[in-house]
2 protein chains.
Amino acid sequence: MIKTTTGPGRPRRKDPDEVRQALIAAARDQFAQGSFKGVSVREIARAAGVNQAMVNYYFGDKRGLYEAMLQETIGPLIRTLEEAEARGEVARLEDLIPRHAATLAANPWLPNLIIREVLYGESEFRNLFIEKFASRVAAALRRAIDGGRDKGELRDDLDPRFGTLILFSLTIYPFVARPVVERAMGIPIDDAFAGRWSEQILQLLAPPKPPPEDEDP
Amino acid sequence: MIKTTTGPGRPRRKDPDEVRQALIAAARDQFAQGSFKGVSVREIARAAGVNQAMVNYYFGDKRGLYEAMLQETIGPLIRTLEEAEARGEVARLEDLIPRHAATLAANPWLPNLIIREVLYGESEFRNLFIEKFASRVAAALRRAIDGGRDKGELRDDLDPRFGTLILFSLTIYPFVARPVVERAMGIPIDDAFAGRWSEQILQLLAPPKPPPEDEDP
DNA sequence: GGGTATATTAAACGATCGTTTAAATAGTGC
DNA sequence: GCACTATTTAAACGATCGTTTAATATACCC
């Protein structure tokens, strides 16, 4: 029988990176549901199934864990976006918007982390976040808008700067406000939502199509 | 000369309601900038210029102060909206949207309080908030949308339920994301913004405009 | 002008927070 | 098998949190 001492020590060995990853994942979920101060290191460690001192051991302090979490969760998403952009896969709004909406829907922690970073006075790393995330998504949106505008695929009464803000608002808010949207508006935010919502957004930005019949592509 | 003792007691009398109001105002500003757990009772009391025990004396506990603050800050805005609605002043989207945007712009604490209530897992009083605020604004928006739709003032490819969500997203997000919008998109959120933004929103929802122009304001 | 309820204060309380520490175990190189 | 290092643990630390308390100065009533 294996003797388990109750005092300090090191009973079993896990892969150290496994502990690190468990902490990152737990922190990601916890910080998405609560504010930076509202989530305790003890909660995160318990959710990760590791001793709370591991936070300081691997990340220095709570802030270090938060920063590493942001880098290792949002970072890959940004990288994937930029690769897709480099391959020209998201040059058109018809491709970029559904992709962006699907990403927000597939990673439930993402919209909340974003909005907490964005919230005035709340973020611990807003500068970093704006540089590494918001400005790059904004740039991608802006490029797609400019491209669509040049090709006449966008309505002409749209200020391109406002266009970026419109797309940001429409893609992020519904996922952040999910409980309110579902309960006060009766709109279920389910698997099908991202697709239908993207279509609605694109329709809004499309040039007036139906009534007259003198259009030249 | 007035003798000021340093021990406990009651040095000077203020109007009790003045203390109460100071706490409400301080709580409103503090809770707009930080999360419920992120803001301390000591900070609020210091910002209000009163002893921290006054929070418990007047409101029972921190939660009571937060709840009273919500009631006494958002409550009047809702009441004013409903009165305007009863007088038929906001039946049309052209009236409701600029009014709503102006309210959000004129009360800098409002957008952040709203988004914190809306944030999943963050709110302390989401049920109350949804009942008393979100559902009423949503209803007003919905009525205006239905009215505009009946009169053909809205594009016909707009799902009315999505319409409400579109308006919610577009009116709240820019004010909440102010620092990001200004720095990552270069759009200043100043006094003129609410008006120009409202126009842009209304343009998006308007039906494809007729080719000739037969209207001049 | 004296008595009483109300408002205010500084201090203290217990709980929880993030972090540190000292001990102890498991792996690694020899 | 043995030293050595990395990893994990329970416990403790000081700080801060929300709240309570005891004391007391003020306003009000008669």
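Here is how names work: the chains are called A, B, and so on, in the same order as the sequence lines, proteins then strands, and each is numbered from 1.
- The minimum heavy-atom distance between A:Ser169 and B:Leu170, with the atom names listed, is CB-CD2, 3.9 Å.
- Remark: B:Tyr57 is not in phosphate contact with D:dT19, judged by side-chain N or O atoms under 4.0 Å from OP1 or OP2.
- The B:Lys62 side chain lies nearest to D:dG18 when the options are D:dG18, D:dT9, C:dT9.
- With rounding to whole Å, A:Asn51 atom CG is found 16 Å from C:dA22 atom P.
- OP1 or OP2 of D:dT8 has at least one side-chain nitrogen or oxygen of A:Tyr58 nearer than 4.0 Å.
- Of the candidates C:dA10, D:dT19, D:dA10, D:dA10 carries the atom nearest the A:Ala53 side chain, counting heavy atoms from C-beta on.
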(request) Start with the C-alpha gap between B:Arg79 and B:Glu83, add the side-chain angles, then the distance that decides, and say whether salt bridge (Lys or Arg N to Asp or Glu O under 4.0 Å) holds. (result) CA-CA 6 Å; B:Arg79 229 170 294 126; B:Glu83 289 167 4; over 6 Å; no
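- Here the C1' atom of nucleotide D:dT19 and the CE atom of B:Met54 are 13 Å apart, to the nearest Å.
- When rounded to the nearest whole Å, the span between CD of A:Gln52 and C1' of D:dT8 equals 12 Å.
- Contact between B:Ile145 and B:Thr164 at its shortest, heavy atoms only, is CD1-N, 3.4 Å.
- For B:Asn56, no side-chain nitrogen or oxygen approaches OP1 or OP2 of D:dG18 to under 4.0 Å.
- Rounding to whole angstrom units, CG of residue B:Asp61 and P of D:dC17 are separated by 17 Å.
- Residue contacts shown for B:Phe59 are absent, as no nucleic acid heavy atom lies under 4.0 Å away.
- The aromatic rings of A:Tyr66 and A:Phe36 sit perpendicular to each other, their planes meeting at more than 60°, with 30° as the lower class boundary.
- Each of A:Glu43 and A:Gly60 has a nearest nucleotide on DNA chain C; the 5'-most of these lies closest to A:Glu43.
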